[in-house]
Amino acid sequence: MTREEAAEILQRIALLLELKGENPFKIRAYKTGAEVVEAYAGDIMQLAADNQLAGIKGIGEALRDKLHEMATTGKLQFFEKLKAEFPDGLFELFDIQGLGPKKIAALYSQLQVGSVADLKRVCVSGEAAKLSGFGDKTVVKILESIAFRAEHASEFRIDQVYALALDLLDTLRAHPAVSRAEVCGSFRRAKETVHDLDFLVSTRQPEQVIADFVALPQIEKVIVQGGTKASVYAPNGVQCDLRAVSSAEFPFALNYFTGSKEHNVVMRQRALDRGLSLNEYGFTPTEVGASLSPEIQEIHDEREIYRALGLDYIEPELRENSGEIEAAAQGRLPALIQLENLRGVFHNHTTASDGRGTLREMAEAARDLGLQYLGIADHSKSSFQANGLNEQRLRAQMAEIRVLNAEFEGHFRLFAGSEVDILKDGSLDFDDDLLAELDYCVASVHNVFNLPEAEMTKRIIRAIENPHVTMLGHVTGRLLLQRPAYAVNIPAIIDAAAETGTIIELNASAWRLDMDWRWWRLAKEKGVKCSINPDAHTTQGLEAVLFGVRAARKGWLTRNDVVNCLPLGQIEGALKKQRAD
DNA sequence: GCCGTTTTCGGCCCGACTGTTTTCAGTCG
């Protein structure tokens, strides 16, 4: 059993115990245990199998035994018994906004609701509204949440498919009969969520490649399998399509299946204007008897397709028909930022608040990634749920950071910051004197999400106008596929940030990717700088910058637009200048 | 269920908001 599976079981136990109304602290102990298992630096499952778990904080005697059982038998009797008391579908009810353990338990015990489908039924029939603690508004909220969920059914966040995509791609590339392989579709275009994964290979033996693909251990179920195409499900429900084409067709198929549809339409029109018809197999002349120019006959990669149409190469991320074709025709496409351009990252948490790495561990992980600096920004005191720091603890952390920086002797630098809560009225959780002592400060909204748009906008702008606020955190508070953005006027926020020189964060967590890529071109035009922030709560969490860079590229950003591309020697001055302006 | 200890039991993260209530329970962050 993998650590992820073990952690998931502990999480599920916590949910089931909540349903049973168990002691909340016992429940928390299971949740903590799950988090520890997930984040532990070391082979925790091997340690569990060897009975070597003693001394790990958060794992006591009971969890030690349970982990041992899971590691050695691949099962947990305690969980199996507990699970048997409830229908499987109950778990999905926890995803519905406004439903917690108490309401779910009431729905189950009184109306036998055991799935989202049941839930919808009793909401529509009026039975749910009659339950004690429920009312019309509750039901409306539940139905809205069910609708939101249905709207995004079979969509996946990028972190849910990333490893799978690379794994299958590597496998395909390693196949002896495959000469080229790519992931196309929205994955290649770096959309914030994807519906499925589209793989494309070039080969002379399509049937063999497809037969080998559907037989891979990663594949759960074959949906369709033909001579040049197969559709399958991977274990987590991700649909994967594979298409096999010839080497000559490959660039055209790659272009076609990368999309977007809108981009393809304009490309085909542009081809027609040049007397060519473009499809996923190649160019064909539109006039009978006409022949293809030698240049077009020798197309080996996507770049040459664009060249043939009088265009600079358009990176996949930009292919949304939002001005990229015009820019490519005029030679004014931006040189998009690359992961290697990042020199440091801001907005990261440690064990001081709700993170799981210590200052030192986070710093070491950042150095291992080749970064020159790491900005710490633990939660502020109002975020109780996240163990936010009060003034005293924040000052203690600043002192600790100074000590570590002395130790690094200039080879690496920690920046002392805070993710300070923007309170309901737009004031901040710390006073200006304390904020002035910090190297930088991220201001974020963490509560009261339901303000009217004008009020929320005013609230955030007030925070932006505080000269101590270096950057604005996750602008809309959205959680992809789970919680929509709160109402806020983003152009007004961008204007305010431009006015005050406040940086806007591109929160790189796969759950957020906030501010959305669709707004960055506007921000850039207005002169607003971006900071790609992993919002890491663990050492591995730093790697989310990868998703952030994808989103930044999709937002047309270059290294010059992103402050954390500045090397250590320059970032400090930039932060100071930002705060002085 | 975990932790720490004044060592075997008491404390464990708090507050705002919502919608249901008619004084508060449940959810969320």
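This structure is a prediction, so every number in the text was calculated from the model and none was measured. By convention in this document, chain letters (A, B, ...) are assigned in the order of the sequence lines, proteins followed by strands, and residues within each chain are numbered from 1.
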Select one nucleotide: of [options], the one nearest the side-chain heavy atoms of [X].
X         : options                   : value
Ala62(A)  : dG19(B), dG29(B), dC2(B)  : dC2(B)
Gln385(A) : dG29(B), dT27(B), dT20(B) : dG29(B)
Phe384(A) : dC2(B), dG15(B), dC28(B)  : dG15(B)
Lys103(A) : dC12(B), dG29(B), dG26(B) : dG26(B)
His446(A) : dC13(B), dC12(B), dG29(B) : dG29(B)
Lys102(A) : dG26(B), dG4(B), dG1(B)   : dG26(B)
Lys57(A)  : dC13(B), dG4(B), dC2(B)   : dG4(B)
Asn387(A) : dG29(B), dC13(B), dG1(B)  : dC13(B)
Tyr30(A)  : dG1(B), dT20(B), dT27(B)  : dG1(B)
Lys137(A) : dC28(B), dG19(B), dG1(B)  : dG19(B)

Length of the [atom1]-[atom2] vector between [X] and [N], whole Å:
X         : N       : atom1 : atom2 : value
Glu22(A)  : dC12(B) : CD    : C1'   : 15 Å
Glu18(A)  : dT27(B) : CD    : C1'   : 11 Å
Asp421(A) : dG15(B) : CG    : C1'   : 12 Å
Leu423(A) : dC17(B) : CG    : P     : 11 Å
Arg478(A) : dC28(B) : CZ    : P     : 21 Å
Asp378(A) : dC13(B) : CG    : P     : 16 Å
Ile27(A)  : dC12(B) : CD1   : P     : 17 Å
Lys26(A)  : dC3(B)  : NZ    : C1'   : 16 Å

Contact nearer the 5' end of DNA chain B, comparing Ala386(A) with Lys424(A):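 Its nearest nucleotide lies further toward 5', so the answer is Ala386(A).
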Please tell me which of Leu131(A) and Glu61(A) maps to the more 5' nucleotide of DNA chain B, matching each residue to the nucleotide holding its nearest heavy atom.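 Closest to the 5' end, via its nearest nucleotide, is Glu61(A).
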May I ask you to say what Leu451(A) touches in the nucleic acid, namely base, sugar-phosphate or nothing, with a heavy-atom cut-off under 4.0 Å?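 Leu451(A): no heavy atom of the nucleic acid under 4.0 Å.
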Select base, sugar-phosphate, or nothing to describe what Pro101(A) touches, counting heavy atoms under 4.0 Å on all strands.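 Result for Pro101(A) = sugar-phosphate.
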Is there a Watson-Crick or G-U wobble partner for dC12(B) with both distances under 3.5 Å, and if so, which one is it?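 Across any shown strand, dC12(B) pairs with dG1(B).
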If the [atom1] atom of [N] is compared with that of [M], how far apart are they to the nearest Å?
N       : M       : atom1 : result
dA16(B) : dG10(B) : C1'   : 28 Å
dT8(B)  : dC2(B)  : C1'   : 13 Å
dC9(B)  : dC14(B) : C1'   : 24 Å
dC12(B) : dC17(B) : C1'   : 24 Å
dC28(B) : dC13(B) : C1'   : 14 Å
dT6(B)  : dG11(B) : P     : 15 Å

Does atom CD of Gln392(A) have more than 12 heavy-atom neighbours from other groups under 6.0 Å away?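 Not more than 12 within 6.0 Å, no.
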CZ of Arg518(A): more than 12 outside heavy atoms within 6.0 angstrom?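 More than 12 heavy atoms, drawn from other residues, nucleotides or ligands, come within 6.0 Å of this atom.
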Report the distance from atom CZ of Arg149(A) to atom NZ of Lys120(A), rounding to the nearest 0.5 Å.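 Reported value, rounded in 0.5 Å steps: 11.5 Å.
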In terms of ring plane angle, is the pair His537(A) and His349(A) parallel, tilted or perpendicular, where the classes change at 30° and 60°?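 Parallel, since the angle between the ring planes stays under 30°.
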So, Glu419(A) versus Ser444(A): side-chain donor-acceptor pair below 3.5 Å or not?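 Side-chain D/A pair, Glu419(A) to Ser444(A): present.
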Please identify which of these residues, Leu90(A), Val113(A), Leu19(A), Leu119(A), meets the side-chain contact (heavy atoms from CB on, under 4.5 Å) condition with Tyr108(A).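 In the set Leu90(A), Val113(A), Leu19(A), Leu119(A), the residue that makes a side-chain contact (heavy atoms from CB on, under 4.5 Å) with Tyr108(A) is Leu90(A).
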Ion pair Glu35(A)/Arg356(A), N-O distance below 4.0 Å: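 Result for this pair is yes, salt bridge flagged.
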Respond yes when some side-chain nitrogen or oxygen of Thr138(A) is under 4.0 Å from OP1 or OP2 of dT20(B), and no when none is.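 Indeed, a polar side-chain atom of Thr138(A) lies that close.
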Measuring to OP1 and OP2 of dG1(B), would you say a side-chain N or O of Lys31(A) lies under 4.0 angstrom away?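 For Lys31(A), the contact criterion (side-chain N or O under 4.0 Å from OP1 or OP2 of dG1(B)) is not met.
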Quiz question: going by heavy-atom distance under 3.5 Å, is there a donor-acceptor pair between the base of dG19(B) and the side chain of Asp136(A)?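 Not at all, since no donor on one side and acceptor on the other fall under 3.5 Å apart.
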